[in-house]
Chemist: 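Please find one structure pasted underneath; my questions will follow.
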Amino acid sequence: MTLSNLWLIQSILVGLLLGVGFVIPSLWFLSIVGVAWLIHQMIKDGALVTVGFVWVAWLVKYLLALGWFWSVYPIYWLETSVITETLIIGFYWVTASLWLSVGGLVFYFILKNLKQFLSRKIVLGIAPFIWLLSELIGALIFSIATIGPGGTVTTKFSFGFIGYHLAQHDLLIQFAVVAGVYGLTLLLLGLSVIFIYGWQANYRKTVYGVFFVLLASNFIGLPQTTTFQKEDQISIVIVDTWYPNNGWASDEDLKEKRDQNRAALDVALTQKADYIIFPEDSQVFDQAVPSSTLRAMMQFLYGRSSSVIIDSSSVPVEGGLAVQAMVFDPNSAELEQTQKQYLVPQGEYIPTLYAGLMRLFGLGETVDFLEMRMRYRVGDVTSTNSNSSLPPVLFCFESVAPNSVRSLLQQRSEPVPFVAHIVSHSWFNEPEILWQQLESMLRIQAIWNDTHIAVAGNHSLGYVVDPKGFIIEPDVIDSADYWQVGVVTIPK
């Protein structure tokens with residue numbers, strides 16, 4: 001049997017080319033080869049590519065992009081067997097990839113039908129837009145399949161979008177200024193289409209040469225401007241934390257956590273920085289009290305400070321909890337509060353479909369336990385003052401929405417110094433695959449919106465992304481068992 005007959009092997013190989021860059025970022029360029037190979041096989045004369053071929057390739061792409069699911073193992077606080085835990089993680093990993101890979105079916109059927117009415121060149125010319133539309137439809141299907149008490153129907157879940165590969169190229173990522181990852185997806189598909197044109201026209205040496213130049217240009221890079229006058233700078237203290245991921249849910253645990261964070265805050269205040277950022281759900285202050293009470297307490301305790309403090313905690317809402325952030329400015333006694341708008345399926349709420357299936361297979365007690373623990377809801381408070389110049393808050397999982405930073409900035413009528421991104425990865429155990437993908441998402445959004453993004457993390461290290469997509473790491477000034485305090489300066 002010849003290789004051309006082994007469609008499944010070829011399909012898996014194409015999927016590996018499409019997705020391996022999400023696992024090993026230095027292999028990002030293989031995605032261009034994978035896209036070109038897949039589309040070339042679909043549109044060439046006598047093409048025998050089936051819907052199964054395309055679907056398997058897209059499925060493999062998403063399996064690789066979502067490989068970080070396995071970094072939640074072991075789940076220390078889940079009292080169940082290793083086998084059950086493995087089955088739960090594996091089931092969600094595979095099914096999530098299946099929902100997203102529906103986009104591949106959309107891509108196949110649209111391209112197949114267009115071939116019957118349009119010339120090959122025209123089909124190739126619009127293929128990038130069809131690919132982008134298909135990935136968005138896959139994200140939409142994912143949101144429907146994972147709907148639940150904290151879920152919404154949306155296209156925000158952008159893991160596996162092919163354009164993210166170009167974040168590894170310091171020059172090509174700058175095209176994100178046009179339309180973020182959407183623009184980069186069209187760019188990557190455009191490069192693939194150009195290679196297909198050249199290949200079909202027998203300009204194969206030219207194709208190899210252009211591809212080599214594309215790779216070589218990645219080593220040129222862009223100069224990073226880090227010098228500016230002291231009077232034109234903003235100082236940001238980033239507090240990163242590492243609290244045990246076994247829950248820390250008791251009153252004693254919360255008191256210890258709050259005491260540790262207050263100690264970190266005391267250190268941060270000695271820097272007389274402009275801003276101090278804590279990770280998501282740090283609970284330095286009790287935000288369940290009325291905002292007027294919280295403002296009075298903050299003004300009494302920290303009114304003499306000049307540092308804007310950003311903290312967050314879980315607060316009770318109808319049906320469960322919401323993650324709420326506060327931004328307190330002691331200089332004006334202004335206090336802003338916002339609540340998280342996009343939640344993690346299986347991390348902050350249990351999707352209805354999955355809860356039903358787990359109960360069907362005898363895991364009712366596990367579902368009850370998870371639903372008791374994961375009862376977060378989308379908050380009602382989105383903005384308290386559109387005229388504010390304080391940094392807007394981007395919550396943890398919200399960064400996977402390609403236009404999340406843009407949406408925050410559009411809510412403000414005044415310029416803001418930066419976007420504060422608060423993160424908690426306490427579910428995970430060193431999720432390198434997740435971290436590099438989230439970093440790519442933030443770099444692209446910073447370029448698209450010409451803004452700085454300051455990140456503070458629990459179980460992850462904070463940093464700042466500048467408007468050119470460069471990463472600025474903080475200078476560590478102090479640390480303890482559960483926290484680390486660092487400082488970054490950026491231009492005003």
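Bear in mind the structure is a predicted one, so any value in this text is a computation, not a measurement. Numbering of residues begins at 1 and proceeds along the displayed sequence. Hydrogens, waters and symmetry mates are skipped; everything else that's a heavy atom, side chains included, is used.
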Chemist: Is there a donor-acceptor contact under 3.5 Å linking the side chains of S314 and D281?
Modeler: yes
Chemist: With sequence neighbours left out, what residues match Y92 under ring-ring contact (aromatic ring centres under 6.0 Å, His included)?
Modeler: F69, Y354
Chemist: Pick out which of F142, W68, W93, W99 makes a ring pair (Phe, Tyr, Trp, His ring centres under 6.0 Å) with F159.
Modeler: W68
Chemist: Name the atoms and distances for all side-chain donor-acceptor pairs under 3.5 Å in residues 266-276, with sequence neighbours left out.
Modeler:
unit_1, atom_1, unit_2, atom_2, d
T270, OG1, V267, O, 2.4
D274, OD2, S235, N, 2.9
D274, OD2, S235, OG, 3.2

Chemist: Inspect the contact between K257 and D253 and indicate whether a charged nitrogen and a carboxylate oxygen are less than 4.0 angstrom apart.
Modeler: no
Chemist: When you measure from the centre of the six-membered ring of F395, is the NZ or CZ of K340 under 6.0 Å away and within 45° of the axis?
Modeler: no
Chemist: Do E336 and R295 sit within salt-bridge range, that is, some charged N less than 4.0 Å from a carboxylate O?
Modeler: no
Chemist: Does a donor on one side chain and an acceptor on the other come within less than 3.5 Å for Y164 and S158?
Modeler: yes
Chemist: Could you measure the distance from the SG atom of C396 to the CD atom of E280? Nearest 0.5 Å is fine.
Modeler: 5.0 Å
Chemist: Whether the side chain of Q436 engages the backbone of F22 through a donor-acceptor N/O pair (distance < 3.5 Å, no angle test) should be reported.
Modeler: yes
Chemist: Just by distance, with hydrogens left out, do Q324 and S312 show a side-chain donor and acceptor under 3.5 Å apart?
Modeler: no
Chemist: Keeping to residues at least two apart or across chains, list the salt bridge (charged side-chain N to carboxylate O under 4.0 Å, His left out) pairs with something in residues 418-445.
Modeler: D170-R443
Chemist: When you look at I277 and F418, which way does the side-chain contact (heavy atoms from CB on, under 4.5 Å) test go after all the steps?
Modeler: CA-CA 12 Å; I277 309 175; F418 61 91; 3.7 Å; yes
Chemist: Is the CZ atom of F175 crowded by more than 12 outside heavy atoms at less than 6.0 Å?
Modeler: no
Chemist: Surrounding CD of Q410 (heavy atoms of other residues, nucleotides or ligands, distance under 6.0 Å), is the total greater than 12?
Modeler: yes
Chemist: Run the numbers on Y243 and N261 for side chain to side chain donor-acceptor pair (under 3.5 Å), then give the verdict.
Modeler: CA-CA 10 Å; Y243 292 107; N261 282 335; 2.7 Å; yes
Chemist: Side chains of S440 and Q168: is there a donor and an acceptor less than 3.5 Å apart?
Modeler: yes
Chemist: Salt bridge between R359 and D368, side-chain N to carboxylate O under 4.0 Å?
Modeler: yes
Chemist: Pair H425, W435 - check side chain to side chain donor-acceptor pair (under 3.5 Å), show working.
Modeler: CA-CA 10 Å; H425 291 158; W435 286 340; 3.0 Å; yes
Chemist: Measure from the side-chain N and O atoms of S31 to the backbone N and O of W28, and report whether any donor-acceptor pair falls under 3.5 Å.
Modeler: yes
Chemist: V378 and Y342: side-chain contact (heavy atoms from CB on, under 4.5 Å), yes or no, with the steps?
Modeler: CA-CA 7 Å; V378 173; Y342 186 38; over 6 Å; no
Chemist: Has I83 got more than 12 heavy atoms of other residues, nucleotides or ligands less than 6.0 Å from its CD1?
Modeler: no
Chemist: May I have the step-by-step check of side-chain contact (heavy atoms from CB on, under 4.5 Å) for V323 and Q339, ending in yes or no?
Modeler: CA-CA 6 Å; V323 181; Q339 293 177 344; over 6 Å; no
Chemist: After noting the C-alpha distance and the side-chain angles of L408 and V419, does the key distance pass the side-chain contact (heavy atoms from CB on, under 4.5 Å) rule?
Modeler: CA-CA 8 Å; L408 286 176; V419 173; 4.2 Å; yes
Chemist: Could you tell me if S71 and N429 have a donor-acceptor pair between their side chains, going purely by distance under 3.5 Å?
Modeler: no
Chemist: Report yes or no: does D240 contribute a side-chain atom to a donor-acceptor pair with the main-chain N or O of G462 at less than 3.5 Å?
Modeler: yes
